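Contents: one structure, followed by commentary.
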There are 2 protein chains.
Amino acid sequence: MTGRIRICDALTAKEAGGELLVKGWARTVRAGKDVAFLAVNDGSCIANLQVVVEPDIVNYPEVSRLGTGSAVAVRGVLRESPAAGQRYELSATQIEIIGQADESYPLQKKRHSFEYLRTIAHLRPRTNTFGAVFRVRSSLAQAIHRFFAERGFLYVHTPIITANDCEGAGELFRVTTLNMAKPPLKAGEVDYSGDFFAQATGLTVSGQLEGELFAQAFSNIYTFGPTFRAENSNTARHAAEFWMIEPEMAFADLMADAALAEDFLKFLCRHVLDNCTEDMRFFNDQIDKGLLSRIEAVASSSFAVMEYTEAIDHLKKAAVPFTFPVEWGLDLQSEHERYITEQVVGGPVFLINYPKDIKAFYMRQNDDGRTVAAMDLLVPKVGEIIGGSQREERFDLLLERMGELGINEEGLWWYLDSRRWGSCPHAGFGLGFERLLMYLTGMENIRDVIPFPRTPRHAEF
Amino acid sequence: MTGRIRICDALTAKEAGGELLVKGWARTVRAGKDVAFLAVNDGSCIANLQVVVEPDIVNYPEVSRLGTGSAVAVRGVLRESPAAGQRYELSATQIEIIGQADESYPLQKKRHSFEYLRTIAHLRPRTNTFGAVFRVRSSLAQAIHRFFAERGFLYVHTPIITANDCEGAGELFRVTTLNMAKPPLKAGEVDYSGDFFAQATGLTVSGQLEGELFAQAFSNIYTFGPTFRAENSNTARHAAEFWMIEPEMAFADLMADAALAEDFLKFLCRHVLDNCTEDMRFFNDQIDKGLLSRIEAVASSSFAVMEYTEAIDHLKKAAVPFTFPVEWGLDLQSEHERYITEQVVGGPVFLINYPKDIKAFYMRQNDDGRTVAAMDLLVPKVGEIIGGSQREERFDLLLERMGELGINEEGLWWYLDSRRWGSCPHAGFGLGFERLLMYLTGMENIRDVIPFPRTPRHAEF
């Protein structure tokens, strides 16, 4: 008899007949005088292992009274199951009760709303839905590292605490060790000279700027870490803390950037289809009926490319009414993006060359004087899923643009330096990991794809 | 002619004679009338590709005046090199100057101190030492994910912003969106009800407690994310922001935990020896002469196990003087740990079963009433590198211990809940990623193994 094996391995054993030991939690217990059934789950897969217990087991009375959620260790023999929907069951020879759960256990057999389950985020991983969500999350995160490792991209940990604020001060969380009840003041303003970092600091909104510095030493790099927005928006798509993936490539232009984004997204679609098959089937059956065919379509499609200016023309000619105005120079809303990818293109599309006034200071200015080399990847049902750009590598143009936008060049001296010596064309993009997960699982609330979500007024667990 | 290839691939080509295109930065330029040499590096490996330029190239005058640090694209033919120390060189047929660097570029040929290079952390990745450090860092991080993925461990992103404080309030960074100049007060204390999360929050010091919750659903899990200490210590081993790896296994005891830690550390030692060979040789030659043999010894050793109580006996009998006192019940200092691993054991050793009063509330109480099932892995030259424990899974004992230590049980209701239903023995450990990197590279200052270190008064870049 060997040690414990995982239930996913037991359920995919080559043949029945083996003796084995599993450990896990009883998802259901059905007991009569003549036989008891325990559906045991250990988190290794969505399926439970059906354990069949005959009354000749010494502790049958205790086992038959076990509550849902109890932890058990079961030794037994793997048998072909007569029941539908499962190949094997485990005929128990010994059951050790490790940890009881009584009827106060919140996850009894009945269905619970996602809203309720958020209030018990410490227990929801023990349900089918959240077991599947967090297995896919983990598998996808590991696959992302593999994707970049195989292509020679260097993984860089950009800083979480930062004194920069590249995308707008209003959305920054402040980080401090000052006595907040009696902050030191100087002319009415907080004097940060005595703070831990001797200056005002906050939580990063993006690792891109630091990532660019590393791309200019290692050619191809990526970040994968937490980022933060102190945005007071209580929507299904916003969280204050989320994980982001940001690759950056030296000697790359906008089209090379788009090619990487296309490879990357297809790889991830293919990954979940091939490696998270059971969990994905669950999402397709229970959460979002069209999920598998939609992901399969993306994985096997060729992504289109369209100019922003052309997209505006399409939108102006559209026969459908939009809530938000359409005008060259305005940003696109989700309804516009979805119209383009779903109605005009009928598949994933990169919109490129946006008006410079609606994009960030670091994007490369095109020769037309009014657009920048930006790209947004739009996909059906969601709209934008990836945003990227070629970066402005020309020192003078970057400095000029920073001046126009009132960006303090002293705070970014090091970023400017990277254009001062050995500057080169480079490009990258950002993908919000939770948005990707929502897209690939069909889950509709970002709070339901993060282990312990942080949103306005919520930092429990 | 195909597209750009990486210099690491060019240098390991099967044979000379191929036409190829490389892009990178000139580390040195030596030019005469008859020939010029450019040592080009693209970050893919520590070695430069020697580019040989004959004067018949159209832009020879410009190329021969190129400054160190310039970005170039070189087409040429790979030839066997007559020079010592390199197998191939590239005979240039075309050189495109992409980005100039003049003599103001800080990384001229002379050596720079690590202290100075910290002040230009945005440029230091372009040096040999920091190129090697960050390649090893990336390779190791990717290997850590592979180690756990291959063993079926679920990767979980535990929260960064937290309302918990499991290891002492004094070391916590506060996170807030309140107006710090005029904080809302209530009876002289800050009133956090109007803060973003409607309560006091800070940056996490560990993902362990949340990791335990996930282990009780998925059996085996790990975290790998940033953690924070607002400790005002300016030592070579402390940073305010660092990355930590924390695996947790359900149905595991202290010895299973030690077995995982041993496998893990040996795997990582073997990984850098086998996969970062050139960078490791550089560290062995330039930074720490005994490095390779020390790591090889760990990778092929069998780790010992010793009771804390036995270690105290050894220390009391030691013929060497210690700076810090030795007494049962006191924590061990680095000098003691190194004596045990270097002099007594002569290799890696797990010290186990520490006095409960010097360890955290969540560690499992042993039957002797005075020790807990803790383990510290000690390795030669460093002392402790991994710390872990079996966790207290018994509700009553956990609650009692929290009471003894004055830990607020209301704040940890969810942690207690995990012992309320389906509780099971479980164990885990923590490994500071930067400490590991220092150990595996021989680098002596934690600031030199983090891309952009955060320490007291320093949050640049």
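It should be emphasised that the depicted structure is a prediction, and the values quoted were computed from it without experimental measurement. Heavy-atom basis, side chains included; hydrogens, waters and symmetry copies ignored. Letters go in sequence order (proteins before strands), and every chain restarts at 1.
- Between chain B and the options A:Leu203, A:Val156, A:Leu107, heavy-atom pairs under 4.5 Å are most frequent for A:Leu203.
- Between B:Phe197 and A:His458, the distance separating the two ring centers is not shorter than 6.0 angstrom.
- For A:Asp102, the parts lying near chain B are the backbone and the side chain together; criterion is any non-hydrogen pair under 4.5 Å.
- In this structure, chain B has a heavy atom under 4.5 Å from the side chain of A:Arg137, while its backbone stays farther away.
- Only the backbone of A:Gln100 has a heavy atom closer than 4.5 Å to any heavy atom of chain B.
- In terms of heavy-atom pairs under 4.5 Å with chain A, the best-connected choice from B:Pro183, B:Ser70, B:Ser44 is B:Pro183.
- For chain B, no part of A:Arg394 is nearby; none of its heavy atoms comes within less than 4.5 Å.
- Between chain A and the options B:Ala71, B:Ala217, B:Gly67, heavy-atom pairs under 4.5 Å are most frequent for B:Ala217.
- The parts of A:Phe196 that come within reach of chain B are both its backbone and its side chain, each placing non-hydrogen atoms under 4.5 angstrom from that chain.
- In this structure, chain B has no heavy atom under 4.5 Å from any part of A:Ala252.
- Of the residues considered (B:Ile98, B:Thr177, B:Leu213, B:Ile161), B:Ile161 shows the highest number of contacts with chain A, using heavy-atom pairs under 4.5 Å.
- Contact annotation: the side chain of A:Leu437 approaches that of A:Leu140 to within less than 4.5 Å [non-hydrogen atoms, C-beta and beyond].
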Using the rule given for ring-ring contact (aromatic ring centres under 6.0 Å, His included), can you reason through A:Trp25 versus B:Phe218, listing the C-alpha separation, both sets of side-chain angles and the distance that settles it, and then say yes or no?
CA-CA 10 Å; A:Trp25 295 269; B:Phe218 299 101; 9.2 Å; no
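- B:Thr127 does not touch chain A: none of its heavy atoms, backbone or side chain, sits under 4.5 Å away.
- Only the side chain of A:Leu123 comes within contact range of chain B, with at least one heavy atom under 4.5 Å from a heavy atom of that chain.
- Within the 4.5 angstrom heavy-atom criterion, no atom of B:Phe242 approaches chain A.
- For A:Tyr105, there are no side chain to side chain donor-acceptor pair (under 3.5 Å) partners two or more places apart in sequence or in a different chain.
- Taking chain A as the reference chain and counting heavy-atom pairs below 4.5 Å, the highest number among B:Ser423, B:Gly422, B:Ala250 is found for B:Gly422.
- Each of A:Gly202, A:Gly411, A:Ser104, A:Gly131 has some count of heavy-atom pairs under 4.5 Å with chain B, and the biggest count is that of A:Ser104.
- With a 4.5 angstrom heavy-atom cutoff, A:Pro226 touches chain B only via side-chain atoms.
- Residue A:Leu185 touches chain B through its side chain alone, counting heavy-atom pairs closer than 4.5 Å.
- With a 4.5 angstrom heavy-atom cutoff, A:Phe228 touches chain B only via side-chain atoms.
- Looking at A:Ile46 and A:Arg135, their side chains come closer than 4.5 Å, going by heavy atoms from C-beta outward.
- Interface remark: B:Arg124 contributes no atoms to any contact with chain A (heavy atom separation under 4.5 Å).
- The six-membered or imidazole ring of B:Phe433 lies near that of B:Phe224, with a centre-to-centre distance under 6.0 Å.
- Within the 4.5 angstrom heavy-atom criterion, atoms from both the backbone and the side chain of B:Val175 approach chain A.
- The shortest side-chain heavy-atom distance between A:Arg27 and A:Thr68 does not fall under the 4.5 Å cut-off.
- For chain A, no part of B:Ala256 is nearby; none of its heavy atoms comes within less than 4.5 Å.
- Only the backbone of B:Thr455 comes within contact range of chain A, with heavy atoms under 4.5 Å apart.
- Atom CZ of B:Arg457 has 12 or fewer heavy atoms from other residues, nucleotides or ligands within 6.0 Å.
- Side-chain contact check for A:Arg4 versus B:Ser219: some heavy-atom pair is nearer than 4.5 Å.
- Taking the six-membered ring for Trp and thresholds of 30 and 60 degrees, A:Trp243 and B:His157 have nearly parallel ring planes, at less than 30 degrees apart.
- Using a 4.5 Å cut-off between heavy atoms, A:Thr119 touches chain B through its backbone atoms (N, CA, C, O) alone.
- In this structure, no portion of A:Ile97 lies under 4.5 Å from any heavy atom of chain B.
- Ring pair B:Phe148/B:Phe153 is tilted by interplanar angle, where 30° to 60° counts as tilted.
- At a 4.5 Å heavy-atom cutoff, the contact between B:Trp414 and chain A is made by backbone and side-chain atoms alike.
- There is no contact between B:Ile120 and chain A, counting heavy-atom distances below 4.5 Å.
- Relative to the six-membered ring of B:Tyr415, B:Arg419 meets both conditions, a distance below 6.0 Å and an angle of at most 45° to the axis.
- No part of B:Ala73 comes within reach of chain A, as not one of its non-hydrogen atoms sits under 4.5 angstrom from that chain.
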Intermediate values then yes/no, ring-ring contact (aromatic ring centres under 6.0 Å, His included), B:Tyr155 and B:His145:
CA-CA 8 Å; B:Tyr155 179 30; B:His145 285 295; 4.6 Å; yes
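- Heavy-atom distances place no part of B:Glu212 under 4.5 Å from chain A, backbone and side chain included.
- Note: A:Phe452 and A:Phe461 have tilted aromatic rings, judged against thresholds of 30 and 60 degrees for the angle between ring planes.
- Heavy-atom pairs under 4.5 Å with chain B peak, among A:Gly69, A:Ser193, A:Pro456, A:Ala198, at A:Pro456.
- Counting heavy-atom neighbours within 6.0 Å of B:Gln108 CD, excluding the residue itself, gives a total above 12.
- Between A:Phe134 and B:Phe214, the ring centre distance stays below 6.0 Å.
- Counted within 6.0 Å of CD on B:Glu189, heavy atoms from surrounding residues, nucleotides or ligands total 12 or fewer; the atom is thus considered open.
- Ranked by heavy-atom pairs under 4.5 Å with chain A, the list B:Ala26, B:Pro106, B:Pro453, B:Gly188 is led by B:Pro106.
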